[in-house]
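Worksheet: one structure, shown below.
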Amino acid sequence: MANVIIIGAQWGDEGKGKIVDLLTDQFDIVARYQGGHNAGHTVMINGQQFILHLIPSGILRGNRMCIIGTGVVIDPKALLEEVRMLEEANIKVRGNLFISNRAHLILPYHRAQEQASENARGSKKIGTTARGIGPAYEDKMARRGLRMTDLLDPKALKKIIFGITEEKKRLIASVNGSSLLDPNQIYSEYVSYGEQLREFIVDTAFLLNEKIQNGSRVLFEGAQGTLLDIDHGTYPYVTSSNSMAGGACVGTGVAPSWITGTIGIAKAYTTRVGGGPFPTELSGSIGEKLRQQGAEFGASTGRPRRCGWFDGPATSYSVILNNLQAIVITKLDVLDEFEEIQICTGYSYRGNRLNEFPAEIKVLESVKPIYKSIPGWTCSTAGIRNYDELPSKAKDYLQMLSDITKTEFSFISTGPDREHTILMADSWINKVIYSNNHK
Ligand code: IMP
């Protein structure tokens, strides 16, 4: 048995898509468990770029079962666009993709609601992806959400949509002055989505458990990052779901006792999109250089990502929350041209070193990073596949990150392609995933 969870160990965009794609080779099934089309996974295969928002990147293998689990919120229009994009690239989707009948839907009023609530926040905007994710989860918790299974019963669907749209119109009009929501239009759009998606909708919890009991190996693919987790992240500047490892069980209906371990993905530096505290953020030319070298622009929204040095306390917090067996360090090559590199080893607040990652946003906004400065390696690591070929200063840097986070590095990514990866021989990933593979 090897059922493994992959999560982002920072604020998202750590490069999970590539690592999931790489590891998929060793698994039978890839399952998404939370978030929606706010996520954006970029995968390069033989020079061709794919950006996936909802469908697990395992689909690109062409012969893996891919699950969109119960914990995901689905905009059917975005999903169908993704199916179309993949089929146009000759990638097999039908027969490989299965969507939970219990997953909740995003409706047009969720986007309108989100816009209204972001506007009302003024300078305290969360900076969401504006995809209706938060309001869809709000409705799920308030027990007035629509689920995939509702799409399959047009009569019942009509009743629910007409009832709830009236309520939403009043709500949105109270903030915006008016609302253009039309229940007839929403109904006819969604009933058509139901027809198009019918073949994908199943009880994925049942399917996954049956497969696992019969020996299939599952890779659980997290979206966003641990520090955006609704419960443990930098609240309220978070997403509306459990992006940490714990979310994988709830979001798929697979019990914790089936899980072998968790791998965290972290960039060799740090980025964040949207609002919220970011202690190691670099606002000047160094931040700009990181953004340009790392092509740090959001895969979903195109927004420039905020960039900063590696944040030891934030990543260590992730290690604890997820009990990470291994970290994968991505984008090492982005640091190739820096003469000096800083690593944040701790936070100080009002002159005292903090021992914990603070819950209070005001504190996190005013902590001072404690940096360790090291000379850069100033030569190319791009595309290196063998650890011994790394410059010694890059090895020292990696060792320092491993010491700070008290976690081993299994993979080091040195470029966007599948091949641009170093697998550490003695690592957890090699021992548990590759060596135990009976496929
Ligand atoms: P929401 O998920 O659209 O509600 O946005 C909430 C916060 O999470 C915002 O700061 C977004 O920028 C951030 N966020 C959502 N999805 C991602 C992602 O895939 N990568 C990085 N940040 C994300």
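Atoms within a ligand are numbered from 1 in the order they appear, just like the ligands themselves.
Salt bridge annotation for D139-K168: present, with a cationic side-chain nitrogen under 4.0 angstrom from a carboxylate oxygen. Ion pair K77/E189 not flagged as a salt bridge, since none of the NZ, NE, NH1 or NH2 atoms sits closer than 4.0 Å to an Asp/Glu carboxylate oxygen. Look at D13 and R305 and you find a salt bridge, because one of the NZ, NE, NH1 or NH2 atoms lies within 4.0 Å of a carboxylate O, short of that distance.
Listed by chain and number, residues touching ligand 1 at under 4.0 Å (heavy atoms only) are W11, D13, N38, A39, G40, I126, G127, T128, T129, Q224, L228, V238, T239, V273, G274, R303.
Shown here are the side chain to side chain contact (heavy atoms under 4.5 Å, CB included) partners of D203, two or more places apart in sequence or in another chain: N101, R102, A205, F206. For K124, the side chain to side chain contact (heavy atoms under 4.5 Å, CB included) criterion is met by R121, Y237, not counting sequence neighbours. For I422, the side chain to side chain contact (heavy atoms under 4.5 Å, CB included) test picks out I384, Y387, L390, I412, T414, M424, with sequence neighbours left out.
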